There are 2 protein chains.
Amino acid sequence: MSTDLPLTSRSLPIALLRARERVMGPIRAILADVGITEQQWRVLRVLEEEGPQDPTRIAEQACLLLPSLTRILQKLEEKELITRQPDPQDRRKQIVSITASGTRIIRENLGASLAVFDAIRANMGPDRFETLLDLLNELHQDKTG
Amino acid sequence: MSTDLPLTSRSLPIALLRARERVMGPIRAILADVGITEQQWRVLRVLEEEGPQDPTRIAEQACLLLPSLTRILQKLEEKELITRQPDPQDRRKQIVSITASGTRIIRENLGASLAVFDAIRANMGPDRFETLLDLLNELHQDKTG
DNA sequence: GAATTTTGATTAACATGTGAACTTCTTGGC
DNA sequence: GCCAAGAAGTTCACATGTTAATCAAAATTC
């Protein structure tokens with residue numbers, strides 16, 4: 001409790017940034033070896049876990065804005081980690097699916113990725129970890145005013 | 001408690017992202033009217049609160065990487081919100097100071113900015129809010145392994 | 001005290017964040 | 001059925017994130 005906390009540590013935005021950096025640093029290192037970014041990883045995981053879906057839904061799940069997602073899907077398509085088909089029902093939409101190569105990347109790196117979280121959870125204490133998640137989700141759902 | 005939580009809500013990185021977006025959205029709207037970005041705002045606040053200092057220290061306080069900060073300082077200098085002088089002790093360094101215009105921007109918008117946090121804190125409950133900050137700082141200081 | 005290493009800052013290159021404009025397609029209103 | 005309004009993606013323009021390379025100026029080493 002008496003470590004050299006910067007004055008900014010009571011600033012919520014900065015605290016969120018620093019915490020995120022602590023979590024994602026190791027993950028980024030793992031993914032860099034595979035040649036994909038954190039965001040590309042998030043998109044692939046959503047597709048692997050929730051099946052083929054349109055970009056709008058992917059954006060919600062992976063917490064990305066559509067302009068970013070557009071570019072990310074282009075990259076993933078070049079790398080042949082996903083495929084896209086037009087939606088027969090609505091020609092504005094498209095259906096994005098993960099390929100076998102994409103699935104393989106997920107399967108080969110999910111363990112190392114989860115290990116990072118388990119280490120953090122264990123170090124923090126599972127109860128405190130769950131409390132943190134609860135508070136973050138509560139903040140997310142906050143309807144101020 | 002029975003709102004439509006996405007499955008990703010138990011993912012720490014996503015939860016951190018979503019919480020941050022909830023907090024920063026309103027702030028960005030305020031700052032956009034003044035013509036500065038969230039990061040430029042953080043830099044100005046550090047300079048206003050902690051006085052003139054070198055870029056490395058600013059980067060730590062504002063949670064920015066040096067390459068980003070280099071560009072941000074260039075923009076802020078063009079807008080005449082900061083000034084830079086060479087450090088007489090160490091010619092590799094420089095000393096960055098906020099200008100009167102910069103200070104004015106801070107003073108004229110700090111209230112609205114703090115109001116956002118107060119609203120969130122009040123809505124969450126001050127005790128839970130403090131707990132969240134504590135847990136985030138604990139996570140930041142985590143030395144896993 | 002010259003060579004090596006380290007540090008502070010910048011630049012480069014690529015990827016994403018963000019708001020606005022734009023295209024195409026679908027839907028509602030009439 | 002036409003037409004305006006809305007939705008899904010894309011593109012644009014600018015700002016930042018991120019890693020690696022670069023450069024000048026200390027600090028170390030020998």
Side-chain angles (χ1 to χ4, degrees), chain A residues 13-14 16-18 20-21 23-44 53-60 62-79 81-82 84-96, chain B residues 13-14 16-18 20-21 23-44 53-60 62-79 81-82 84-96:
Chain A
I14 298 283
L16 287 167
L17 264 185
R18 292 206 171 105
R20 184 172 162 65
E21 184 48 37
V23 177
M24 288 314 305
I27 305 286
R28 262 198 297 271
I30 295 173
L31 299 180
D33 293 337
V34 196
I36 68 177
T37 67
E38 170 195 340
Q39 291 84 352
Q40 293 169 0
W41 170 258
R42 286 214 302 273
V43 170
L44 290 179
Q53 53 195 282
D54 58 275
T56 298
R57 183 165 159 74
I58 297 175
E60 288 171 11
C63 204
L64 293 167
L65 296 179
L66 270 178
S68 296
L69 184 58
T70 294
R71 290 173 301 206
I72 292 171
L73 290 179
Q74 289 166 350
K75 299 273 166 56
L76 289 176
E77 200 170 24
E78 290 173 10
K79 296 180 183 178
L81 301 179
I82 65 163
R84 289 195 270 190
Q85 307 168 16
D87 185 325
Q89 313 304 323
D90 187 336
R91 288 188 297 180
R92 290 171 304 182
K93 295 189 186 178
Q94 52 188 257
I95 303 175
V96 183
Chain B
I14 299 282
L16 287 168
L17 263 186
R18 292 203 171 107
R20 182 173 164 68
E21 183 48 37
V23 176
M24 288 314 305
I27 304 286
R28 263 197 297 270
I30 295 172
L31 300 181
D33 293 336
V34 196
I36 67 176
T37 68
E38 170 197 339
Q39 292 83 352
Q40 293 168 0
W41 170 258
R42 287 212 304 273
V43 170
L44 290 180
Q53 52 195 286
D54 57 278
T56 297
R57 183 166 160 74
I58 297 174
E60 289 172 11
C63 204
L64 293 166
L65 296 179
L66 270 178
S68 297
L69 183 59
T70 293
R71 290 173 301 208
I72 292 170
L73 290 179
Q74 289 166 351
K75 299 276 167 53
L76 290 176
E77 199 169 24
E78 290 173 10
K79 296 179 183 178
L81 301 179
I82 64 162
R84 289 195 270 190
Q85 307 168 16
D87 185 326
Q89 313 305 322
D90 186 336
R91 287 188 299 179
R92 291 171 303 184
K93 294 188 186 178
Q94 53 187 256
I95 302 175
V96 184

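Small disclaimer: the values here were computed from a predicted structure and weren't measured. The figures here come from the full heavy-atom set of this structure, side chains too, leaving out hydrogens, waters and symmetry mates. Quick note on labels: first sequence line is chain A, next is B, and so on, each numbered from 1.
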Which pair of heavy atoms, one from B/Arg42 and one from B/Leu64, lies closest together, and at what distance?
-> NH2-CD2, 3.3 Å
C/dA9 C1' sits how many Å from B/Ile58 CD1, rounded?
-> 12 Å
Find the distance B/Glu21:CD to C/dG17:C1' and express it as a whole number of Å.
-> 10 Å
Given that B/Lys79 and B/Pro67 both sit by DNA chain D, which one's nearest nucleotide is further toward the 5' end?
-> B/Lys79
When all nucleic acid strands are considered with a 4.0 Å heavy-atom cut-off, which category describes B/Leu69: base, sugar-phosphate, or nothing?
-> nothing
Do B/Arg92 and C/dT7 share a donor-acceptor pair, side chain to base, under 3.5 Å?
-> yes
Could you tell me the separation between the CG atom of A/Asp54 and the P atom of C/dT26, rounded to a whole number of Å?
-> 14 Å
Closest of D/dT10, C/dG17, C/dA9 to the B/Gln94 side chain is C/dA9
Between B/Glu21 and B/Arg28, does at least one N-O distance fall below 4.0 Å, as a salt bridge requires?
-> yes
A/Gln89 has an atom CD; how far is it from atom C1' of C/dT24, in whole Å?
-> 18 Å
For C/dT16, does OP1 or OP2 lie under 4.0 Å from any side-chain N or O of A/Gln40?
-> yes
Please state whether the phosphate of D/dG9, meaning OP1 or OP2, lies under 4.0 angstrom from any side-chain nitrogen or oxygen of A/Thr56.
-> yes
Shortest non-hydrogen contact between B/Ile14 and A/Ala62, atoms and distance | CD1-O, 3.9 Å
Between A/Ser68 and B/Thr70, whichever has its closest DNA chain C nucleotide further toward 5' is B/Thr70
What nucleotide, of D/dT10, C/dG17, C/dT18, holds the atom closest to the side chain of A/Leu66?
-> D/dT10
Given D/dA15, D/dT10, C/dG17, the nucleotide with the shortest approach to the side chain of A/Arg42 | C/dG17
Quick one: B/Leu65 CG to C/dT10 C1', roughly how many Å, whole number?
-> 14 Å
Quick note, B/Lys93 side chain, CB onward, closest among C/dT10, D/dG17, C/dG8 is C/dG8
Is there a side-chain polar atom (N or O) of A/Gln74 under 4.0 Å from OP1 or OP2 of D/dT11?
-> yes
How do B/Arg57 and B/Arg71 order along DNA chain C: which one's closest nucleotide is nearer the 5' end?
-> B/Arg57
Separation of atom CG in B/Leu17 from atom P in C/dG17, rounded to whole Å | 8 Å
Return the value, rounded to whole Å, for the distance between atom CZ of B/Arg28 and atom C1' of D/dC14.
-> 15 Å
Correct closest heavy-atom pair for B/Thr37 and B/Leu31 would be O-CD1, 3.9 Å
Base, sugar-phosphate, or nothing: which does B/Ile72 touch, judged by heavy atoms less than 4.0 Å apart?
-> sugar-phosphate
For A/Met24 and C/dT16, what is the distance between atoms CE and P respectively, to the nearest whole Å?
-> 13 Å
From the list C/dA20, D/dT16, C/dT16, which nucleotide is the closest neighbour of the side chain of A/Gln39?
-> C/dT16
Quick note, A/Lys75 side chain, CB onward, closest among D/dT18, C/dT16, C/dA9 is C/dT16
Taking all atoms of both residues into account, what is the closest heavy-atom pair of A/Arg84 and A/Gln94, and its distance?
-> CD-OE1, 2.6 Å
With respect to the side chain of A/Arg91, which nucleotide from D/dT19, C/dC25, D/dT11 is positioned closest?
-> C/dC25
Would A/Leu69 and A/Ile58 satisfy side chain to side chain contact (heavy atoms under 4.5 Å, CB included), going step by step from the backbone distance to the final call?
-> CA-CA 8 Å; A/Leu69 184 58; A/Ile58 297 175; 4.0 Å; yes
